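Let me begin by presenting the structure, written as structure tokens, before commenting on it.
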2 protein chains.
Amino acid sequence: MDEFEQYLRTRTDLNDGDINYILSLAIHKHLRRNEFLLREGEVCRYKIFVTKGLLRTFGTAADGSEHVLQFAPEHSWTLDVESYDRQQPAHSNIAAIETSEVLLWPKTDFDNLLSTLPQLKDLSLQLISRNIYNSRQRILTALSATPEEKYQEFIQSFPNLLTRLPLHMIASYLGISIKTLTRIRQAQLRR
Amino acid sequence: MDEFEQYLRTRTDLNDGDINYILSLAIHKHLRRNEFLLREGEVCRYKIFVTKGLLRTFGTAADGSEHVLQFAPEHSWTLDVESYDRQQPAHSNIAAIETSEVLLWPKTDFDNLLSTLPQLKDLSLQLISRNIYNSRQRILTALSATPEEKYQEFIQSFPNLLTRLPLHMIASYLGISIKTLTRIRQAQLRR
DNA sequence: CCAAAATATGGTCAAATGACCTTTTTTCCC
DNA sequence: GGGAAAAAAGGTCATTTGACCATATTTTGG
């Protein structure tokens with residue numbers, strides 16, 4: 001997958017041999033719109049890298065409503081951390097929003113790669129650190145921002161996703177009703 | 001610090017020598033109520049372990065309001081991840097709620113420990129994984145739960161903190177007004 | 001290209017929430 | 001122990017938000 005080679009080249013100094021080796025262990029998978037990669041209760045067996053398309057990770061609340069935890073567009077990683085780390089049943093779902101292409105590494109293979117390739121490990125740690133920071137930021141926003149501020153922040157953070165996502169998923173990500181989101185957008189048009 | 005020895009003994013198989021070595025690199029610090037360990041804009045230089053007392057980490061929103069990101073009681077770790085990892089200015093504050101005792105390791109020292117002691121590294125990775133999972137859970141709750149549900153969940157998760165925290169900090173942690181929290185508690189008494 | 005489904009907008013209304021204020025109670029610390 | 005400060009509770013009111021409904025618009029996949 002050129003996409004992935006490109007990705008690794010720009011952020012690590014892994015050589016061609018290593019990159020090819022990493023790729024050789026990956027399972028290539030094509031996903032149609034709305035196809036699931038992981039369902040609640042299943043074990044998240046793979047590290048997932050999105051080469052093309054767009055995935056979403058979402059949880060289900062007590063009342064059955066779905067809430068988007070993360071969007072994963074091309075060139076990003078995703079998984080259910082807890083489930084993957086311990087190979088236990090997951091509490092979240094991962095599904096394709098657009099037709100997508102992903103690379104999958106079984107945990108044992110990826111663990112081997114991590115212990116063999118320090119550059120890959122460094123990259124992993126960076127991603128984890130970023131993940132934790134992003135989560136904190138999101139919690140802070142969820143706690144303190146008004147719906148309008150949340151939407152503005154979303155636009156700032158993901159300008160490229162704006163046109164690719166149905167509004168109700170954005171609302172779900174922001175934790176507001178679609179009605180409120182529509183109202184905000186109307187108010188903005190009038191300015 | 002007995003507290004810390006105890007902690008390490010119960011979750012790793014580090015031997016006495018290792019534990020003493022880890023402890024020998026730690027700075028012991030006493031904190032009074034409301035004393036700050038980190039302020040926004042400063043660099044988070046240390047890994048922090050709380051041996052006694054209770055700390056809080058909080059962020060400041062655009063309008064100046066404070067929002068609690070984490071409570072760290074005795075036997076828990078805390079820090080500003082992003083700031084610590086990159087030794088850059090922090091976006092959050094850490095302060096003592098109760099009179100507390102903490103152990104501090106400068107990043108370089110702790111990094112050395114991590115590369116020397118695989119058991120410590122394993123523990124770290126576990127903590128990180130848990131951290132990420134907790135964050136997800138908290139985001140999901142923030143997005144989907146009613147104030148009452150949030151409070152119930154808080155009681156479930158931190159029964160021991162309930163009596164130690166002023167209500168306005170719980171409200172701040174849950175992202176609801178103190179008024180709403182008071183109302184919920186009144187409603188519960190009447191049952 | 002077309003029918004069906006998904007998505008977005010709009011209207012109305014009740015309820016929940018926060019802002020602002022005062023009063024009561026508790027805690028702190030000298 | 002006592003005075004000051006902090007915390008909790010209570011009252012009132014305007015506003016925001018979501019639920020529920022219908023309708024218009026767009027997208028999708030065969």
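Here is how names work: the chains are called A, B, and so on, in the same order as the sequence lines, proteins then strands, and each is numbered from 1. Just so you know, these numbers come straight off a predicted model, no measurement behind them.
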Within residues 166-177 of chain B, residues whose heavy atoms come under 4.0 Å of DNA chain D: B:Pro166, B:Leu167, B:His168
More than 12 non-hydrogen atoms from neighbouring residues, nucleotides or ligands closer than 6.0 Å to [atom1] on [X], yes or no?
{"X": "B:Phe36", "atom1": "CZ", "answer": "yes"}
{"X": "B:Arg130", "atom1": "CZ", "answer": "no"}
{"X": "A:Phe58", "atom1": "CZ", "answer": "yes"}

Can you tell me the distance, in whole Å, between the [atom1] atom of [X] and the [atom2] atom of [N]?
{"X": "A:Leu181", "N": "C:dG10", "atom1": "CG", "atom2": "P", "answer": "13 Å"}
{"X": "A:Lys179", "N": "C:dG11", "atom1": "NZ", "atom2": "P", "answer": "7 Å"}
{"X": "A:Arg32", "N": "D:dT28", "atom1": "CZ", "atom2": "C1'", "answer": "13 Å"}
{"X": "B:Lys150", "N": "C:dG18", "atom1": "NZ", "atom2": "C1'", "answer": "13 Å"}
{"X": "B:Ile178", "N": "C:dC20", "atom1": "CD1", "atom2": "P", "answer": "15 Å"}
{"X": "A:Leu162", "N": "C:dA8", "atom1": "CG", "atom2": "P", "answer": "11 Å"}
{"X": "B:Leu165", "N": "C:dT26", "atom1": "CG", "atom2": "P", "answer": "19 Å"}
{"X": "B:Arg185", "N": "D:dA7", "atom1": "CZ", "atom2": "C1'", "answer": "11 Å"}

End-to-end axis angle, where each axis spans five pairs of the helix from C:dC1-D:dG30 to C:dC30-D:dG1, to 10°: 80°
Any chance the side chains of [X] and [Y] put a donor and an acceptor closer than 3.5 Å?
{"X": "B:Glu153", "Y": "B:Thr141", "result": "yes"}
{"X": "A:Glu3", "Y": "A:His75", "result": "yes"}
{"X": "A:Thr78", "Y": "A:Gln70", "result": "yes"}

Any donor-acceptor N/O pair under 3.5 Å between D:dG10 base and B:Arg183 side chain: no
B:Phe71/B:Tyr173 aromatic ring centres below 6.0 Å: yes
Step-by-step salt bridge (Lys or Arg N to Asp or Glu O under 4.0 Å) determination, B:Arg45 to B:Asp109: CA-CA 11 Å; B:Arg45 307 203 176 280; B:Asp109 290 341; over 6 Å; no
Member of B:Tyr46, B:Phe4, B:Phe49 meeting the ring-ring contact (aromatic ring centres under 6.0 Å, His included) criterion with B:Trp105: B:Phe4
Touch class at under 4.0 angstrom, heavy-atom based, for A:Arg33 against every strand present: sugar-phosphate
